[in-house]
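In this chain, residues are counted from 1 in sequence order. Everything quoted here is computed from the prediction, not taken from an experiment.
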Amino acid sequence: SKFGFTLDTGAAESAVQAALSCAHLHLLGLHCHIGSQIFELKPFELAAEVMLEFMAKLHEKYGAEFEELDLGGGFGIKYVQRHDPIAYDEYMHRVSHTIKDCCARLNLRLPRILIEPGRSIVASAGITLYTVGSVKEIPGVRTYVAVDGGMADNPRYSLYQADYDAVIADRAAQPREKIVTIAGRCCETDLLQEGIAIQEAKAGDTLAILATGAYNYSMASNYNRLPRPAVVMVKDAVPRVIVKRESMEQLLANDL
């Protein structure tokens, strides 16, 4: 297998020993997290095996009984067309079989299993809307579409080139025939995507970047002294503001 996991058993054992020796602590279980944007099942199965074998070792050495095992998250979502997420029911089926087989083999009591679906629930529920300010075409080089946001409200591309899909909101169903670089309002390499296909854009258009429900607002900042945008929830075609737009007065409130 191309997958492999190692566990820092020394540090983990020390933590378990300390917890077991404290009369005021109840050691409920163990937790692991193997990464993010994972599109394969095998890593989750291997993680469950590693953790259960470690639990069996701790039970044999220290008599530790674990009621819970938190297998963390990391489920990938479809940011762009090439992404192929795992269906929850397939994950549940395969990993639960692995857990039951391991517990039987290791003579372990089946723990309560927790998972952390996080991003895979909320990311696709969010869309970030920008207004196109200008379009700059450099013949033979690239076309820039500049918007009124950027790394202050979504630093993920600038930090680690996170993939996103984008469309011109009122022409989303039309062919995407223009390859562009989406530029933000801050000058320091502020980009939201490079080499992405969208519909022909013009000043005043609304550009929608998709699947931003997980890490946009939570990672937003006042970089370059910019106020954070509002968050609007829409249900049954009825919108309501759930986070107010920041004002300049709020940004200056602590200035002396």
Going through the checks in order, is the side chain to side chain contact (heavy atoms under 4.5 Å, CB included) test met by L252 and R225? CA-CA 9 Å; L252 300 174; R225 202 73 159 183; 3.2 Å; yes

Decide yes or no for Q17 and K61: does some side-chain heavy atom of the first lie under 4.5 Å from some side-chain heavy atom of the second? no

So do L226 and C186 actually touch side chain to side chain, heavy atoms under 4.5 Å? yes

Does E49 pair with R105 as a salt bridge, N-O distance under 4.0 Å? no

Does atom CD of E60 have more than 12 heavy-atom neighbours, drawn from other residues, nucleotides or ligands, at distances under 6.0 Å? no

Of R109, R112, H26, the one forming a side chain to side chain donor-acceptor pair (under 3.5 Å) with E67 is H26

Can you confirm whether more than 12 heavy atoms, excluding those of M233, are under 6.0 Å from its CE atom? no

Are side-chain heavy atoms of I121 and F75 found at a separation under 4.5 Å? no

Flag side-chain contact, heavy atom, 4.5 Å: Y164 against L210: no

For atom CG of D255, is the number of surrounding heavy atoms from other residues, nucleotides or ligands below 6.0 Å larger than 12? yes

I115 vs Y88 side-chain heavy atoms within contact, under 4.5 Å: no

Between E13 and K57, is there a side-chain N and carboxylate O pair less than 4.0 Å apart? yes

Quick one: are Q199 and D205 in side-chain contact, heavy atoms under 4.5 Å? no

If you define the side chain from C-beta out and look only at heavy atoms, does anything of M219 sit under 4.5 Å from N154? no

Less than 4.5 Å apart, any side-chain heavy atom of I182 and any of I196? yes

